[in-house]
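Report on one structure; see the data block that follows.
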Amino acid sequence: MPTKRTTGRTAAANRARELLIDAAARILAEQGPGALTVRRMAEAAGTSTMAVYTHFGSMDVVVQEVLRTSTLNLYKVLQRAPRTDDPVADVSTLGRIYRGLALRRPYIFAAAANRALLAAPDETAAGKANPQPRGLTWTTLVEGVQRCIAGGRFRDQDAELCAYVNWSTVHGFVSLELSSQTLDTKDPDLPFETALLSLAVGAGDTPERAAASVAASKQDYASWDLMPQDTTTT
């Protein structure tokens, strides 16, 4: 049975690990991967360089942990998204969340994309059936699409394929935005709103209902607090 002293040491170790992950995430988000060094990470966390190796062993493990935590936090944010009686609006909101978090933490988004951590298929570890966080984010989108199909808004189709088209479109759009390859329009929101509308209509919704749902999603998202508690690793 663990003693109070053992429990205290474990809690302290976990807290130190969290501080190091947050520090690494902040450096990635604000300065990019080239700035992430053991010394800078330790200084930002208020600890020693030895602590980095004690908790992670190598910088590659640090980056993997930052990305895993970021993806898990993305899932948590997606789970907080409103569930309304308009499934098309809800799916559009998921796209807005994905974009909003990517623009908020561009370096982490780019690193996660390069490491194929976002919206990848589920994996099993050591024979366990528990999905990794990236699988959970993917499942959230698939479930949203399934609601659209079940409600008669989207035509009967493979929900995973439809979700993949949705994700790849939003992901590609955000990637272009982050590389400053955006279309110059009078209304800066027009390209993304058009993308969301095209996704809904392409999946089988009527233009009129899709337009109303995308507009409702925009209004709901504008009034929704994306990050009520700003955590760096999100």
Side-chain angles (χ1 to χ4, degrees), residues 7 9-81 94-126 128-143 167 170-171 174-175 178 224-234:
T7 302
R9 285 199 299 265
T10 301
N14 290 338
R15 178 55 181 162
R17 182 182 177 88
E18 290 175 0
L19 288 173
L20 287 167
I21 292 173
D22 285 349
R26 184 174 297 279
I27 293 170
L28 280 172
E30 295 178 352
Q31 303 176 50
L36 184 61
T37 65
V38 172
R39 176 167 295 182
R40 286 183 179 177
M41 180 177 165
E43 289 177 351
T47 186
S48 66
T49 56
M50 182 58 67
V52 177
Y53 296 108
T54 298
H55 289 285
F56 302 101
S58 70
M59 288 301 292
D60 188 61
V61 174
V62 169
V63 173
Q64 286 295 330
E65 187 61 21
V66 168
L67 301 183
R68 188 199 69 81
T69 303
S70 299
T71 310
L72 177 58
N73 286 349
L74 169 61
Y75 168 70
K76 291 178 179 178
V77 175
L78 292 176
Q79 287 300 295
R80 288 199 301 104
L94 295 180
R96 296 182 192 280
I97 292 172
Y98 187 94
R99 180 192 182 209
L101 291 176
L103 296 179
R104 188 186 187 94
R105 302 291 187 219
Y107 291 113
I108 293 178
F109 173 84
N114 290 336
R115 296 292 184 107
L117 281 177
L118 295 182
D122 293 347
E123 288 185 349
T124 56
K128 296 181 181 179
N130 296 327
Q132 298 296 321
R134 54 184 172 181
L136 293 173
T137 61
W138 167 246
T139 299
T140 301
L141 178 57
V142 173
E143 290 175 347
W167 168 69
V170 173
H171 181 87
V174 172
S175 298
L178 293 179
W224 187 61
D225 192 352
L226 179 65
M227 291 300 301
Q229 294 181 338
D230 187 8
T231 53
T232 303
T233 47
T234 302

* Are E65 and R17 close enough, and set up right, to give a side-chain contact (heavy atoms from CB on, under 4.5 Å), and what steps lead you there? -> CA-CA 10 Å; E65 187 61 21; R17 182 182 177 88; 3.7 Å; yes
* Asked: Do M59 and V63 pass the side-chain contact (heavy atoms from CB on, under 4.5 Å) test, and can you show the C-alpha distance, the side-chain angles, and the key distance before you say yes or no?
  -> CA-CA 6 Å; M59 288 301 292; V63 173; 5.6 Å; no
* Residues L78, Y98; criterion side-chain contact (heavy atoms from CB on, under 4.5 Å); working and verdict -> CA-CA 8 Å; L78 292 176; Y98 187 94; 5.7 Å; no
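With rounding to the nearest 0.5 Å, the separation of CD1 in I97 from CZ in R80 is 7.5 Å. Atom-to-atom distance recorded for Y53:OH and T49:OG1 is 7.0 Å, nearest 0.5 angstrom. Expressed to the nearest 0.5 Å, how far CG of L94 lies from OG1 of T137 amounts to 10.5 Å. The CG atom of L101 sits 14.0 Å away from atom CZ of R96, with the distance rounded to the nearest 0.5 Å.
For A102, the side-chain contact (heavy atoms from CB on, under 4.5 Å) criterion is met by F109, V174, not counting sequence neighbours. Take E30 and apply the side chain to side chain donor-acceptor pair (under 3.5 Å) test, not counting sequence neighbours, and it matches R26.
Between M41 and L36, the closest heavy-atom pair is CB-CD1, 4.4 Å. Considering all non-hydrogen atoms of both residues, V66 and A24 come closest at CG2-CB, 3.7 Å. Listed here is the closest heavy atom pair of A45 and L20: CB-CD2, 3.6 Å. In plain terms, the two heavy atoms of V52 and A42 that are nearest each other are CG2-CB, 4.3 Å.
Taking 4.5 Å as the limit, some side-chain heavy atom of F56 sits within range of a side-chain heavy atom of I21. Considering only heavy atoms from C-beta on, T47 stays 4.5 Å or farther from L19 through its side chain.
Ion pairing between a basic and an acidic side chain is recognised when a charged N comes within 4.0 Å of a carboxylate O; E43 and R40 show no such pairing.
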